[in-house]
Protein chains: 2
Amino acid sequence: MKKVLVVEDELKIARLVRDYLQQAGFAVVEAADGRTALSMAAAERPDMIVLDLGLPELDGLDVTRRLRAGSSVPIIMLTARSDEADKIVGLELGADDYIIKPFSPKELVARIRAVLRRADATLGGGEMIRAGPVSIDLPKRRVTIDGTDVELTATEFDLLITLARHPGRIYTRAQLLDSIHGVSFDSYERSVDAHVKNLRRKIEPDPTRPRLVLTVYGVGYKFADA
Amino acid sequence: MKKVLVVEDELKIARLVRDYLQQAGFAVVEAADGRTALSMAAAERPDMIVLDLGLPELDGLDVTRRLRAGSSVPIIMLTARSDEADKIVGLELGADDYIIKPFSPKELVARIRAVLRRADATLGGGEMIRAGPVSIDLPKRRVTIDGTDVELTATEFDLLITLARHPGRIYTRAQLLDSIHGVSFDSYERSVDAHVKNLRRKIEPDPTRPRLVLTVYGVGYKFADA
DNA sequence: CACCAGTGTGGAGAAGTTGTGAAGGCGGTG
DNA sequence: CACCGCCTTCACAACTTCTCCACACTGGTG
């Protein structure tokens, strides 16, 4: 699930946007002024930011500038004024899109989705995870062990990248369920075991004696470090 | 140097836009009505089109529709009306952006640059895509398999180039919908399947056993790599 | 060295995903 | 205004994967 930071000082609009975005399936965090926005952006690491241009004190342009200094998080600008200077500066500064008030929530959601997908598409420039003999090509969802291809199901793949992203770090079954499903239903935690079993069958030389995906008795699983 | 086709029936505005664009380093060709616009678009192959919504006879929406039937040239819509229905319809039809009159030439230039940047990023700048037995001529929108021509609809073509541009890379149905329509509202994701089916019928030697456009179970589709 | 919660299986049924034909709609064309 | 091509949507079957269970086994603990 994607997390959106909404920065808006007018309470009514903020609430409207929040409700609509949540209904559309986004996680929403909020800030009412520029300074809070910057710290929220750092703390929450949202997938994108919806930013009101007309904030008190530190306005939308200032916020954008400072964000861009250290991040390329997608930004959609909300503006009441339709005069061009703001728009242009906004685009030049790196806002990805903007919407003029009054806008419809539906349009906002459509734009957010478009911007997020564009961002996703750009990102995939060959991201790889390497851990021991395992290489994982994220955009292609391809896994090789010592150079030979391995076929994984979608779930097995998601499980593997969660573990392999931080070798040595221990994950509980609940956390692994989360990484597989996005949301954690209170489903049978031990279905994780089944996926670990299947995954081991495919990537372990000897599934009886795992060397990559290791059990941490009483806690969960981890990927082998070092 | 980028070539821009300006379609505007009001002479004063047309002249203003032309002068400003030329000063900004674009080559400009002009049309004063929809019919001329279509033939100019075909003859001049502009890098993008600035299109007035309120044209006599064949209006901006009609022109966009017809253009989109055989091309994905970026379009910016000029409109005097500001009600959102038009905006959304415009976007659904495949306009890449729109500007409400009165606008400043400066803003127009900024938007054109933004849209062109986006288009370049997507297109990768190349004129041809070659992937296995498939050759795709982007400007002519022509596809050949092992040298023999294949007739594709506009949608099938857009789908194919999206996939073929990065062989092996996996795209979700939502991403593919985006590449087909500029902005995707929540339409039925599985219409992508229908287009894939039709595409396979046309480009696969044996559509039952696809070798080019491959299904990634639980994720989406990809073009065959290696 | 017994105990028992925690873990490793195999497999059956449930759940989800995709392929496909066919129907309906919309706009363009003659 | 009937036709035609294209896109969307639906329904169903075929298929793949996931979940869940039962039972065996293991590793820690006193």
Side-chain angles (χ1 to χ4, degrees), chain A residues 141 151-160 170-174 176-202 204 206-222, chain B residues 34-35 38 57-59 61-71 89 92-94 141 151-160 170-174 176-177 179-181 184-202 204 206-222:
Chain A
R141 295 180 74 90
E151 298 261 329
L152 300 182
T153 69
T155 303
E156 287 154 13
F157 183 85
D158 291 339
L159 183 61
L160 176 60
I170 304 170
Y171 296 85
T172 65
R173 287 178 175 72
L176 294 173
L177 266 185
D178 271 15
S179 73
I180 289 172
H181 292 132
V183 192
S184 97
F185 294 90
D186 41 38
S187 61
Y188 190 50
E189 282 199 349
R190 293 212 50 209
S191 61
V192 172
D193 296 32
H195 289 120
V196 168
K197 169 190 60 173
N198 297 330
L199 182 57
R200 281 175 172 161
R201 256 214 284 265
K202 294 180 180 179
E204 297 280 1
D206 175 9
T208 312
R209 309 171 120 264
R211 319 181 108 256
L212 301 173
V213 177
L214 306 180
T215 304
V216 182
Y217 191 92
V219 187
Y221 296 95
K222 69 174 181 180
Chain B
R35 225 164 289 284
L38 289 174
E57 230 184 314
L58 206 63
D59 78 9
L61 294 184
D62 297 324
V63 174
T64 305
R65 243 181 250 118
R66 300 220 196 168
L67 281 171
R68 279 289 174 267
S71 158
V89 173
E92 271 182 348
L93 271 170
R141 294 182 71 85
E151 297 265 328
L152 300 182
T153 69
T155 303
E156 286 155 13
F157 183 86
D158 289 340
L159 184 60
L160 176 60
I170 302 170
Y171 296 85
T172 64
R173 287 178 174 71
L176 294 173
L177 266 185
S179 72
I180 290 172
H181 308 129
S184 105
F185 291 86
D186 38 29
S187 59
Y188 189 51
E189 283 199 347
R190 293 212 50 208
S191 60
V192 172
D193 295 33
H195 292 300
V196 168
K197 172 186 59 173
N198 297 331
L199 181 57
R200 280 173 172 164
R201 259 213 279 268
K202 293 180 181 178
E204 297 280 0
D206 175 10
T208 313
R209 300 179 47 82
R211 318 180 108 258
L212 302 173
V213 176
L214 306 180
T215 304
V216 182
Y217 192 95
V219 187
Y221 295 96
K222 70 175 180 182

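We name chains A, B, ... by the order of the sequence lines, and we start the count at 1 in each one. Just the heavy atoms: all of them, side chains too, but no hydrogens, waters or symmetry mates, feed the values below.
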K.L.:
With heavy-atom distances below 4.5 Å as the criterion, would you say the side chains of B/S191 and B/L177 are in contact?
P.N.:
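In short, these two side chains touch, coming nearer than 4.5 Å.
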K.L.:
In whole Å, I'd like the distance from the CD1 atom of A/I180 to the P atom of C/dG16.
P.N.:
15 Å
K.L.:
Can you name the side chain to side chain donor-acceptor pair (under 3.5 Å) partners of A/K197, sequence neighbours left out?
P.N.:
none
K.L.:
Using the side-chain contact (heavy atoms from CB on, under 4.5 Å) rule, pick out the option among A/V192, A/L160, A/L199, A/I180 that qualifies with A/T155.
P.N.:
A/I180
K.L.:
Rounding to a whole Å, what distance do you find between A/L176:CG and D/dC18:P?
P.N.:
14 Å
K.L.:
To the nearest 10 degrees, what angle separates the axes at the start and end of the helix from C/dC1-D/dG30 to C/dG30-D/dC1, five pairs each?
P.N.:
20°
K.L.:
Can you list the steps and then say if A/E151 with A/K202 is a salt bridge (charged side-chain N to carboxylate O under 4.0 Å, His left out)?
P.N.:
CA-CA 8 Å; A/E151 298 261 329; A/K202 294 180 180 179; over 6 Å; no
K.L.:
Using nucleotides 4-7 of chain D, report all nitrogen or oxygen pairs with the protein that are shorter than 3.5 Å.
P.N.:
| unit_1 | atom_1 | unit_2 | atom_2 | d |
| --- | --- | --- | --- | --- |
| D/dC7 | OP1 | B/T153 | OG1 | 3.2 |
| D/dC7 | OP1 | B/T155 | N | 3.1 |
| D/dC7 | OP1 | B/T155 | OG1 | 2.4 |
| D/dC7 | OP2 | B/T153 | OG1 | 2.9 |

K.L.:
Kindly write out the residues that satisfy salt bridge (Lys or Arg N to Asp or Glu O under 4.0 Å) with B/R173, not counting sequence neighbours, or none if the list is empty.
P.N.:
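Partners of B/R173 by the salt bridge (Lys or Arg N to Asp or Glu O under 4.0 Å) criterion, ordered by chain and then number, come out as B/D193.
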K.L.:
Between B/T215 and B/R200, is there a side-chain heavy-atom distance shorter than 4.5 Å?
P.N.:
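Contact flag for B/R200/B/T215 side chains = yes.
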K.L.:
When you compare the side chain of B/T172 with that of B/Y221, does any pair of heavy atoms fall below 4.5 Å?
P.N.:
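A side-chain contact under 4.5 Å is absent here.
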K.L.:
What I want to find out is whether B/R211 reaches B/E204 closely enough, with some N-O distance under 4.0 Å, to be called a salt bridge.
P.N.:
no
K.L.:
Got a sec, which residues hit side chain to side chain donor-acceptor pair (under 3.5 Å) with A/R201, two or more places apart in sequence or on another chain?
P.N.:
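Listed in chain order: A/N198.
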K.L.:
Name all residues meeting the side-chain contact (heavy atoms from CB on, under 4.5 Å) criterion together with B/I170; count only those two or more places apart in sequence or in a different chain, and write none if there are none.
P.N.:
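By the side-chain contact (heavy atoms from CB on, under 4.5 Å) rule, B/I170 matches A/R141, B/V216, B/V219, B/K222.
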K.L.:
Please list, for nucleotides 18-22 of chain C, all pairs of protein and nucleotide N/O atoms separated by less than 3.5 Å.
P.N.:
| unit_1 | atom_1 | unit_2 | atom_2 | d |
| --- | --- | --- | --- | --- |
| C/dT18 | OP1 | B/G218 | N | 3.0 |
| C/dT18 | OP2 | B/R173 | NH1 | 3.1 |
| C/dT18 | OP2 | B/R173 | NH2 | 3.2 |
| C/dT18 | O5' | B/R173 | NH2 | 3.4 |
| C/dG19 | OP1 | B/R200 | NH1 | 2.9 |
| C/dG19 | OP1 | B/T215 | OG1 | 2.6 |
| C/dG19 | OP2 | B/Y221 | OH | 2.7 |
| C/dG19 | N7 | B/R190 | NH2 | 2.7 |
| C/dG19 | O6 | B/R190 | NH1 | 3.1 |
| C/dG19 | O6 | B/R190 | NH2 | 3.4 |
| C/dG21 | OP2 | B/R201 | NH1 | 3.4 |
| C/dG21 | N7 | B/K197 | NZ | 2.8 |

K.L.:
What is the distance from OH of B/Y188 to P of C/dT17, rounded to the nearest Å?
P.N.:
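For the pair B/Y188 OH and C/dT17 P, the rounded distance is 12 Å.
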K.L.:
Taking CG from A/L214 and C1' from C/dG8, how many angstroms apart are they, rounded to a whole number?
P.N.:
15 Å
K.L.:
In chain order, what residues pass the side chain to side chain donor-acceptor pair (under 3.5 Å) check against B/R35, with sequence neighbours excluded?
P.N.:
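Only B/E57 meet the side chain to side chain donor-acceptor pair (under 3.5 Å) criterion with B/R35.
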K.L.:
Expressed as a whole number of angstroms, how long is the span from A/L159:CG to D/dT17:C1'?
P.N.:
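Going from CG in A/L159 over to C1' in D/dT17 covers 14 Å.
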